There are 4 protein chains.
Amino acid sequence: MSPATPAKSRPLRKRDAERSKRAILEAALVEFSEHGHAGARIDSIAERSGISKPMIYSYFGDKDDLYAAALREAYVQIREGERDLDLDNLAPEDAIRALVSFTLGHFRSKPWFISMLNTENLRGGTTVRKISDVSAIQSRLLVQLREVLQRGAEEGVFRSGIDPVDFYITIASICYFPISNMHTLRTVFKCPMDETWMEQRRIDAEEIAIRFLRPDPGGRDG
Amino acid sequence: MSPATPAKSRPLRKRDAERSKRAILEAALVEFSEHGHAGARIDSIAERSGISKPMIYSYFGDKDDLYAAALREAYVQIREGERDLDLDNLAPEDAIRALVSFTLGHFRSKPWFISMLNTENLRGGTTVRKISDVSAIQSRLLVQLREVLQRGAEEGVFRSGIDPVDFYITIASICYFPISNMHTLRTVFKCPMDETWMEQRRIDAEEIAIRFLRPDPGGRDG
Amino acid sequence: MSPATPAKSRPLRKRDAERSKRAILEAALVEFSEHGHAGARIDSIAERSGISKPMIYSYFGDKDDLYAAALREAYVQIREGERDLDLDNLAPEDAIRALVSFTLGHFRSKPWFISMLNTENLRGGTTVRKISDVSAIQSRLLVQLREVLQRGAEEGVFRSGIDPVDFYITIASICYFPISNMHTLRTVFKCPMDETWMEQRRIDAEEIAIRFLRPDPGGRDG
Amino acid sequence: MSPATPAKSRPLRKRDAERSKRAILEAALVEFSEHGHAGARIDSIAERSGISKPMIYSYFGDKDDLYAAALREAYVQIREGERDLDLDNLAPEDAIRALVSFTLGHFRSKPWFISMLNTENLRGGTTVRKISDVSAIQSRLLVQLREVLQRGAEEGVFRSGIDPVDFYITIASICYFPISNMHTLRTVFKCPMDETWMEQRRIDAEEIAIRFLRPDPGGRDG
DNA sequence: TATGAATGAGTATTCATTCAT
DNA sequence: AATGAATGAATACTCATTCAT
């Protein structure tokens, strides 16, 4: 169709640019999550990504813009992880257990996410506010969770009237803290923080979630 | 002999090393918790405290040392808060509710604590490890908590075999996350984060703790 | 094709790393030799060289590294000066006289050398020890000197058994002190330190060297 | 005569002040000679001497003044050392040998002197010029030396017309350099710098001095 | 498009010097 | 007379950002 030379070089360049952007973004995510906003170094991101600093500036703008992109990327990765999660085909209790288990596993396997959230909250959330689409990101999860809670309430295994957002925050709380505060907990409370300890955490976390949802026994038996 | 001119008896206003040290420490706590380790500025601490930079270095060493002192101070403040807490004279359930309530209240009223913990964990806990006495600081609380759990188990209102450290981590988890992640939660989940929302959190948190401790009803009723 | 516009062939005026490095090194040599290690100012070196401070750090490392580079440069300049010196084609006595004359001349014309040596010895020689190739630098001179002494001994005009290193140190001693201590000598001994005084020094220095080498007359005449 | 109390307290105080001044001066001499002018620290001098900084300032003025006092002290110590030297009762050659030997020994045993001279010359001699009486200090030595040279010339063992200042500079040169440049010589020329090497230096130095003074053999024998 | 070279504006830290007691 | 407390003015070093090619 088109003459040979430009036909191949253009898309290739575009693809290269895309590849460079990704490399930068991933390097930035690691750097910001390891060192926080102020501690992160553009030099270091350039080195990690193998892309020169001027390119970083030309692709992303200044440090704050790059930080925003990295923060957004952290949320995007979480969303992608949640795709695998399918609560609709599980019994309500199993669905809740699956969600807890998934959340804890997710926090552990993507340490950037927690670090980025910590960093962003330390900064007062000024950047997350600017990422316009961020609230849409976790909506699919909430929709599923609302459906599960509803189903459980109808089946009589869960209390009714549980707000999915509040409940998700509860789940997130139990999963977040032991990981985000791993280092201080290890030192202050001498927690081993090994696989078995974490596994026990998971079991407890599921139990906490389920017990919280369970209908008030007094109302039935009394 | 001479009139009440407080020549030497009352504490000096200027040239008082102890007072200066405290001023620096408090300013450092605020600065580090607001900006993290890398983001904190010694200049700013000097200005906040009204003490010149050379004195800061003379009293505390370098930036890292000052950061360590501020982190330690955060833990000390928590310990001091816990002094008022007297779990021994409360019924087990009330004691747990009081502990949850206190923890959440402390996290809210002393935002430095959460910020310092976040910062320290972001940094991999290298500093907390150097503060030798930090693990002793929260031991009193754990002793009390163990006693309450024991009492509750004996009275039959709590399950037995609950580890006080693990359980304290659960309580801390539920109280920590909504506050530490306040800004991202507000944006991502549109949480109001106002007084009523927080109050509801407190009620839920107590409920979660109590339900987790409650003996398995199935085991009793058959 | 195109006219003589030296588009790419001739060395660039700006953005030339090599040129910048040399400018920094020369400025550092002057600054360190004028003010010593502790007294030298990086700011001043930046100004003298016309290169900004960050480049200095990027090219040379920290102040100590730059000082080491400057010290090494002082030795390199001496080696370059010695290249012109050709002792092999002179009669032994003339060769010694030439060496003395050259040494004194070099000390006078490159005041950095003496200042750098003074500074380094004041510092206990910690840096020179790190410059691995520094002892190789003056070896060519010693080889030549050994040959001259040998030749003179064979011809019977010099004593035999004179160690070239020790003898070079003697020469250096006589040439070094009047220059290195110029200012105190001028004040304490009211030496004029002008051209004629220096010329007389040169004549005396040659005489001292030659007389020291001359075979013991008593040994021959009995 | 005078009432008891002030009579004893005044002189004691004065003596204490004198003792403090000496302590400061000695500490300053060590500090300046170890670190040079810019490298010396008033804090360090205070610590070494056990006297507080404000006292140092009140006794000596500012850093430059203290440096000047230390430099002067170095010269004074040399003068004191020279008191023991009595050249008048020695045969001319022996006197010269004694002077050389003494000078070398002196430079070795009072390392401050050489360090202070180095420092002062590095600084361009601005301070020594202000010490008004410094040139008088070494005059006794020069008087003795002149007398010895004269005597030697009359006895026919020395050349006549040797300027005592120039000749003293020659002696100083040979003694100064191997000590002042000890560290670089050790590294660059692999000199052992031990007792035997130094002893050999002394023997050579005497020989150099004597040979330089010896009457021209050609003039006599020819 | 791509990057090595370059720098202005900070930032931690030090040091001579003075104040208040 | 004596000193612990205090600081203004540097000074070494860093880092986000831009220039020139």
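Predicted model, so just to flag it, every value in this text is computed and none were measured. Proteins come first, then strands; the chains are lettered A, B, ... in the order of their sequence lines, and each starts at number 1.
In terms of polar N and O atoms assigned as donor or acceptor, the side chain of B:Lys63 never comes within less than 3.5 Å of the base of E:dT13 in a complementary pairing.
Toward the 5' end of DNA chain F, the nearer of the two residues C:Lys53 and B:Pro54, judged by each one's closest nucleotide, is B:Pro54. If B:Gly61 and C:Ser52 are placed on DNA chain E by their nearest nucleotide, the residue sitting closer to the 5' end is C:Ser52.
Between B:Lys63 and B:His37, the shortest heavy-atom distance links the atoms NZ-O, 3.0 Å. Pairing each heavy atom of B:Phe60 with each of B:Leu25, the nearest pair is CE2-CD1, 4.0 Å. The nearest pair of heavy atoms linking C:Ile56 to C:Ile51 is CD1-O, 4.4 Å. Of all the heavy atoms in A:Ala23 and A:Ser49, the pair that sits closest is O-CB, 3.6 Å. In this structure, B:Ser115 and B:Ser33 approach most closely via the heavy-atom pair CB-O, 3.3 Å.
When rounded to the nearest whole Å, the span between CG of A:Leu66 and C1' of F:dA16 equals 12 Å. In this entry the distance linking OH of D:Tyr57 with P of F:dA6 reads 18 Å, nearest Å. Whole-Å rounding puts the A:Asp16 CG to E:dA2 C1' distance at 12 Å. Regarding C:Ile56, its CD1 atom lies at a distance of 12 Å from the C1' atom of E:dT7, rounded to whole Å. Between the CG atom of A:Asp43 and the P atom of E:dT7 there is a distance of 16 Å, given to the nearest Å. Atom C1' of nucleotide E:dA6 and atom CE of C:Met55 are separated by 6 Å, given to the nearest angstrom. Between the CG atom of B:Asp62 and the C1' atom of F:dC13 there is a distance of 15 Å, rounded to whole Å. Atom-to-atom, CZ of C:Arg19 to P of F:dT21 comes out at 13 Å; the value is rounded to the nearest Å.
Listed by first then second residue, pairs satisfying salt bridge (charged side-chain N to carboxylate O under 4.0 Å, His left out) with a partner in residues 43-60 of chain B read B:Glu31-B:Arg48, B:Glu34-B:Arg48, B:Asp43-B:Lys53, not counting sequence neighbours.
Proximity of B:Tyr59 to the phosphate of F:dA6: a side-chain N or O atom is located under 4.0 Å from OP1 or OP2. Of the side-chain N and O atoms in C:Ser20, one or more sit less than 4.0 angstrom from OP1 or OP2 of E:dA6. Residue D:Arg41 places no side-chain N or O under 4.0 Å from the OP1 or OP2 atom of E:dT14.
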- Could you provide the dot-bracket string of DNA chain E, using ( ) for intrastrand pairs, [ ] for crossing pairs and | for bases paired to another strand, with Watson-Crick or G-U pairs below 3.5 Å? .||||||||||||||||||||

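In summary, D:Glu18 and D:Arg22 do not engage in a salt bridge, as defined by a charged side-chain N under 4.0 Å from a carboxylate O.
Residue contacts shown for C:Ala40 are limited to sugar-phosphate atoms, with no base heavy atom under 4.0 Å away.
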